[in-house]
Amino acid sequence: MTDPGLAMTADAGKAAPRGTAPDLFDKFQPIIDVRENLLATGVTDPFSLVMERVESPTVAICNGKRTILLGTYNYMGQTFDPQVLAAGKQALDEFGSGTTGSRVLNGTYQGHRECEEALKRFYGMDHAMVFSTGYQANLGIISTMAGKDDYVILDIDSHASIYDGCALGNAQIVAFRHNDVDALEKRLKRLPAEAGKLVVLEGVYSMLGDTAPLKEMVAISKAHGAMVLVDEAHSMGFIGPNGRGVAEEQGVIDDVDFIIGTFSKSVGTVGGFCVSNHPKFEILRLVCRPYVFTASLPPSVVATAATSIDLLRDAKDKRDHLWANSRRLHGGLKDLGFTLGTEEPQSAIIAVIMPDLEKGAAMWEALLQEGLYVNLARPPATPAGMTLLRCSLCALHSEAQVGEILGMFEAAGKRVGVI
């Protein structure tokens with residue numbers, strides 16, 4: 001039996017040792033080193049926190065301690081709504097725990113259609129398509145619409161799912177400087193007039209919490225013959241008069257070809273979607289691989305999503321309260337001396353910029369010890385190589401809780417030496 005570690009040379013007919021194969025984990029060594037060096041300082045691993053019990057959209061028990069949640073994206077606090085929970089329990093009883101199939105062949109249940117109808121009502125659009133995650137919604141729509149001879153023009157700070165959609169479709173990627181209207185126009189002018197073009201934007205960018213100048217960008221895109229996709233994952237539910245996002249707020253929702261969103265933020269469950277008014281939209285159900293070849297969402301999930309979406313239509317009071325929370329927390333942190341990602345609050349996300357990863361991790365742990373959970377974000381997920389603490393407010397945070405949060409930031413910031 002030939003030794004598997006040996007190979008025959010072509011001329012001598014004798015076995016020769018093969019070269020040593022690289023460990024496929026070697027490419028991750030820089031990240032491994034950063035993590036090990038960070039944990040060697042004694043800091044708690046900020047990416048392995050376990051919530052032992054969740055008491056409400058704003059409070060959980062973490063490490064045996066009551067903890068205010070400020071890093072969950074649960075913007076509208078829908079996860080414990082009685083109507084939402086009742087709808088999920090009823091669907092679980094009537095349709096079972098899962099679909100065991102894809103939407104196209106054997107995985108579309110009545111609840112999926114009802115969820116899509118709820119989306120059409122919410123956005124006032126003709127078509128809606130539900131995916132198993134928000135990531136897959138971007139992956140599916142972008143990869144299907146833009147192929148190897150087409151161009152995707154995107155903000156350099158775009159979400160990973162957007163870049164992955166470009167890669168899956170083998171589209172030509174043209175990136176422009178973050179939120180730079182002139183840079184977008186320059187890129188569009190350089191592209192062949194006859195080429196297929198898709199401009200991909202985000203309503204709210206999830207790291208700094210800043211909004212896109214969609215009004216100007218959509219107009220420029222249309223002037224150059226491009227279709228426009230806007231990801232409203234972090235703005236659905238609370239931005240805009242009806243909670244439809246930044247495109248609605250800036251008056252361009254009717255000019256956008258595709259709106260992508262997720263159920264895992266304001267809707268309070270899991271899943272993703274795309275809505276559109278394009279008359280040929282329905283063909284995507286047969287040609288979009290991440291839709292065709294993925295098992296569909298469980299009946300209980302689409303039932304909770306549909307109920308939650310309908311509730312968001314009449315959630316003006318909650319939207320107003322969330323904006324009040326955002327303004328108060330942003331102003332309070334600024335007054336304490338923290339450096340923030342935006343000069344003024346633009347969304348429910350408030351980014352607190354840290355000097356470096358070690359200080360950021362120390363501050364994250366100090367806040368956790370105070371009883372506050374936020375997100376520690378670091379490169380490559382963050383722009384410009386920065387480390388930040390990302391706070392995502394909830395419409396159910398009370399005024400008293402926002403006051404507690406500011407007190408925790410002050411105590412932790414002074415202890416760590418950040419302020």
Side-chain angles (χ1 to χ4, degrees), residues 73 75-76 78 84 87-88 91 99 102-104 107-145 159 161-162 164-165 200-204 206 227-240 242-248 253 256-278 281-313:
Y73 308 137
Y75 300 125
M76 298 297 284
Q78 300 283 83
V84 172
T99 62
S102 77
R103 289 292 307 273
V104 175
T108 292
Y109 285 25
Q110 179 64 23
H112 295 95
R113 290 299 190 192
E114 290 173 356
C115 188
E116 288 170 343
E117 289 301 316
L119 284 164
K120 288 192 281 185
R121 287 192 297 272
F122 182 81
Y123 282 100
M125 292 200 175
D126 296 334
H127 305 282
M129 190 169 167
V130 167
F131 290 80
S132 296
T133 64
Y135 174 94
Q136 284 190 306
N138 268 331
L139 192 72
I141 298 297
I142 294 170
S143 66
T144 306
M145 295 306 302
H159 191 267
S161 61
I162 293 172
D164 290 351
V200 179
L201 307 166
E202 296 182 48
V204 172
S206 63
M227 298 184 83
V228 179
L229 180 153
V230 178
D231 183 334
E232 297 275 21
H234 291 274
S235 51
M236 178 196 182
F238 67 95
I239 293 184
N242 300 289
R244 295 171 181 167
V246 179
E248 180 190 40
I253 193 167
V256 171
D257 297 282
F258 308 100
I259 291 178
I260 295 286
T262 181
F263 297 153
S264 61
K265 309 293 187 289
S266 289
V267 178
T269 180
V270 67
F273 66 88
C274 179
V275 293
S276 175
N277 279 327
H278 198 286
F281 182 82
E282 290 298 318
I283 195 61
L284 292 179
R285 296 186 191 275
L286 300 181
V287 296
C288 178
R289 292 172 66 86
Y291 178 90
V292 173
F293 296 104
T294 302
S296 62
L297 289 169
S300 57
V301 170
V302 287
T304 56
T307 304
S308 182
I309 291 163
D310 280 338
L311 291 173
L312 290 177
R313 295 169 64 198

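Side chains included, hydrogens not; waters and symmetry mates left out as well; all remaining heavy atoms used.
Minimum heavy-atom separation, A118 to I309: O-CG2, 3.6 Å. For the residue pair K120 and A128, the shortest heavy atom distance occurs at CG-CB, 3.7 Å. When every heavy atom of C274 is checked against every heavy atom of I260, the shortest pair comes out as CB-CD1, 3.7 Å. In terms of heavy-atom proximity, L297 sits nearest to G271 at CD1-CA, 3.8 Å. Heavy-atom minimum distance, C288 versus I141: SG-N, 4.2 Å. Of all heavy-atom pairs spanning L286 and V104, the tightest one is CD2-CG1, 4.4 Å.
Applying the ring pair (Phe, Tyr, Trp, His ring centres under 6.0 Å) rule to F122 yields no partners; only residues at least two apart in sequence or on another chain are considered. Under the rule for a ring pair (Phe, Tyr, Trp, His ring centres under 6.0 Å), F258 has no partner lying at least two apart in sequence or in another chain.
The side-chain heavy atoms of L311 and V84, taken from C-beta on, include a pair separated by under 4.5 Å. Counting heavy atoms from C-beta on, the side chains of L229 and D257 never come closer than 4.5 Å. Two residues are said to be in side-chain contact when any heavy atoms from C-beta on lie closer than 4.5 Å; T108 and R113 meet this criterion. Looking only at side-chain heavy atoms (C-beta outward), H278 and M227 come within less than 4.5 Å of each other. For the pair F281 and M125, the minimum side-chain heavy-atom distance is 4.5 Å or more. Looking only at side-chain heavy atoms (C-beta outward), T144 and R289 stay at 4.5 Å or farther from each other. Under the 4.5 Å side-chain criterion, counting only non-hydrogen atoms from C-beta, M145 is in contact with L284. Residues E202 and I162 are in side-chain contact: their nearest non-hydrogen atoms beyond the backbone lie under 4.5 Å apart.
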Stepwise side chain to side chain contact (heavy atoms under 4.5 Å, CB included) test for V267 and Q78: CA-CA 6 Å; V267 178; Q78 300 283 83; over 6 Å; no
Evaluate the criterion side chain to side chain contact (heavy atoms under 4.5 Å, CB included) for residue pair E248 and N242; output intermediate values, then yes/no. CA-CA 8 Å; E248 180 190 40; N242 300 289; 2.7 Å; yes
Check step by step if side-chain hydrogen bond (donor to acceptor under 3.5 Å, both in side chains) holds for S132 and T294. CA-CA 7 Å; S132 296; T294 302; 5.5 Å; no
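Summarising the geometry, atom CD belonging to Q136 is positioned 12.5 Å from atom CZ belonging to F293; distances are rounded to the nearest 0.5 Å. The distance from atom CZ of R244 to atom CD1 of I253, rounded to the nearest 0.5 Å, is 6.0 Å. To the nearest 0.5 Å, atom OG of residue S266 and atom CG of residue L312 are 6.5 Å apart. Note that CZ of R313 and OH of Y123 are 13.0 Å apart. Values are rounded to the nearest 0.5 Å. One distance of note links CG of L139 with CG of D164; it measures 6.5 Å at 0.5 Å rounding. To the nearest 0.5 Å, atom CG of residue L119 and atom CE of residue M236 are 6.0 Å apart.
Between the side chain of E114 and the backbone N or O of A306, no donor-acceptor pair lies under 3.5 Å. In this structure, the side chain of S296 engages the main chain of G107 through a donor-acceptor pair within 3.5 Å.
A cation-pi contact, defined as under 6.0 Å to the ring centre and within 45° of the axis, links K265 to Y73.
A salt bridge is defined here as a Lys NZ or Arg NE, NH1 or NH2 lying under 4.0 Å from an Asp or Glu carboxylate O, and E116 with R103 meets this definition.
Under a cut-off of 6.0 angstrom, the local environment of CZ in R285 is crowded, with over 12 non-hydrogen atoms contributed by other residues, nucleotides or ligands.
Under the 30°/60° scheme for interplanar angles, the aromatic rings of Y109 and H112 are found to stand perpendicular.
The aromatic ring centres of F131 and F263 sit 6.0 Å or more apart.
Side-chain atoms of H234 and Y75 form a donor-acceptor pair, as typed in the model, at a separation below 3.5 Å.
Looking at D231, T133, N138 one by one, the single match for side-chain hydrogen bond (donor to acceptor under 3.5 Å, both in side chains) with S161 turns out to be N138.
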